[in-house]
Amino acid sequence: MKLEMRDQPGQLVAALQPISAVGGNIIAVIHQRETPAATETLDVQIVLELPEGRLSRLLELLREQGVSVVRIDEERLLYECTLIMIGHLMHTDLSDTVDRIDMTGSAEVTELSLVMPAISSPSSARITIRSTTREEMKKAIRILRSVAEQKDLLIIEPLEGA
Amino acid sequence: MRIAILGFGSVGRGIARAILAKNLDITVTGLADSRSGIIDPAGIDLEAALSRKDNGGPCGSLDVTPADVVAKADYDVLVEVTPTNVDDGEPALGHIRGALRRGKHVVTSNKGPIALAYPELRDLAATNGVFLRYEATVCGAIPLIHAMKEGLAGNTISRLYGVFNGTCNYILTRMAEDGLTYEQALAEARELGYAEADPTYDVEGIDAGIKLVILANTVLDMRTTLDDVERTGITLLTPEALRLAEDQDCTIRLIGEIVPEAGVLRVSPRIIAKSHPLVVEGTLNAVTVETDLAGDLTFIGKGAGSVETASAVIGDLLYIRDRHVQGS
Ligand SMILES: NC(=O)c1ccc[n+]([C@@H]2O[C@H](COP(=O)([O-])OP(=O)(O)OC[C@H]3O[C@@H](n4cnc5c(N)ncnc54)[C@H](OP(=O)(O)O)[C@@H]3O)[C@@H](O)[C@H]2O)c1
């Protein structure tokens, strides 16, 4: 999520405190000139992660602090899909498999359960992917399929998509 | 109605038993297995033929061939129930062509000829003014083709998916229930007669794939072959994978799926909620059809078995009798 606000003296500090109060996690604070020709006013953009359902409480707290929020850009990982992988998951670099999905930026692996029955026999893993859009989920699954083909893994997809 | 039966195995004998047990007004005037045949215009003694077969003998006389029965016997409908050949459909394909050219209706449970040559056979039947029916080729006793062609005529089918292979469903059910390995569950299926000595055709999804090709080509106006089916079997599945699915109230089943608009035909193991209507036990088959007018329909029933498959063949025979065959 991105919050944009006017950079008036004291506003930034006033904004940061409520974010941590509602359990948010600040990823970046970016100062940017609003328009090239503009005066001395700066915009501040705060990129943060927020647990589900805390946004309205945060906005309330920000208002109480006198911070004016110009724009909210919300991105939610709305879509979830759980798949099962079978094969030599460790020998074929499981973290690389996960990275290839995370690298998309718009889909990420949020859960992984791995069962390794015995050395040299294939292991099985359940992998949960979350993404912002259905398209991104399809893309992530396509990536996983092609990685599986390269690494000779079996991917079991759900009957119903994301 | 007079019929000739090619093939006197599980399905052929199931048909004979049903004819003997019920008053279906069907007379069998020709019969053949792989090495013998009988032609008798007055009607073959099925009881005697069954007992010859049960004693390990041929069903008829060694100097009558299946081709003789097709060409010379006096019948209204040829019932072709010999083994499926997915490579060229022979010799069944030649026998079916022969009967259609003679102006005889054909009913078959044999997937090979229908999957490989449906457009040609359909046109040949039309030219000769006879019926070609094949309900038993897909999901045994479930009248899926009839339901889609007649009952759902006028609907657009957007997607069709289900459990098309009882052997795989049995193996996966056992792996999920008792944590058996694939090899253990397969051995058990073999012992119970649910799996062949060479299970490749079932466990690699070929059987399910052919059924999808039949539905695509005969009901959904597609032109497909087995090569068009994206196919993954169940041989690599682990008990751990089933347990990981189980942890989320899901299981794994081999699902065949057709999405006509996207041109997708696919057979693969899929994760599916245990509460889903397609999660059927043992050797059952189950198919969901998504339509525009009727909504979603799910069919569940026995996909194989002697008398169960005979039921589909007899349904086709009586359909033809009620519409075409005069006298008997
Ligand atoms: N069984 C089922 O539940 C089921 C369900 C749906 C569809 N089907 C299909 O129905 C067909 C028959 O299945 P089935 O289970 O009855 O098979 P089966 O038990 O193996 O019986 C096949 C019969 O065909 C005979 N045969 C083999 N080659 C022949 C030839 N060239 N000419 C004439 N007869 C020949 C065999 O002769 P011998 O007796 O001399 O060996 C046997 O009597 C197959 O295409 C199968 O895919 C079966």
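Quick note on labels: first sequence line is chain A, next is B, and so on, each numbered from 1.
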Does any backbone or side-chain atom of Leu154(A) lie under 4.5 Å from a heavy atom of chain B? Answer side chain, backbone, both or neither.
side chain
Less than 4.0 angstrom from a charged side-chain N to a carboxylate O is my criterion; do Glu196(B) and Arg190(B) meet it?
no
Within-4.5 Å side-chain heavy-atom neighbours: Asp316(B) and His146(B)
no
Counting only heavy atoms closer than 4.5 Å, note whether Leu278(B) contacts chain A via side chain, backbone, both or neither.
side chain
Which region of Ile84(A), side chain (C-beta onward) or backbone (N, CA, C, O), has a non-hydrogen atom less than 4.5 Å from a non-hydrogen atom of chain B, or is it both or neither?
both
Over 12 foreign heavy atoms within 6.0 Å of NZ, Lys151(A):
yes
Can you tell me how far OG1 of Thr238(B) sits from CG of Leu242(B), rounded to the nearest 0.5 angstrom?
7.0 Å
Among residues 226-236 of chain B, which ones touch chain A with a heavy-atom distance under 4.5 Å?
Thr232(B), Leu236(B)
May I ask you to check whether over 12 heavy atoms, not counting those of Ile119(A), lie within 6.0 Å of atom CD1?
no
Which region of Leu244(B), side chain (C-beta onward) or backbone (N, CA, C, O), has a non-hydrogen atom less than 4.5 Å from a non-hydrogen atom of chain A, or is it both or neither?
both
side-chain hydrogen bond (donor to acceptor under 3.5 Å, both in side chains) between Asp93(A) and Ser95(A), intermediate numbers included
CA-CA 6 Å; Asp93(A) 197 348; Ser95(A) 65; 3.1 Å; yes
Tell me, side chain or backbone of Ala273(B) under 4.5 Å from chain A's heavy atoms, or both, or neither?
neither
Ionic contact status for Glu157(A) with Arg145(A), cut-off 4.0 Å
yes
Below 4.5 Å from any heavy atom of chain B, which atoms of Ser123(A) appear? Answer side chain, backbone, both or neither.
neither
Heavy-atom side-chain contact between Cys250(B) and Lys274(B) under 4.5 Å:
no
In this structure, are over 12 heavy atoms from other groups packed under 6.0 Å from Glu135(A) atom CD?
no
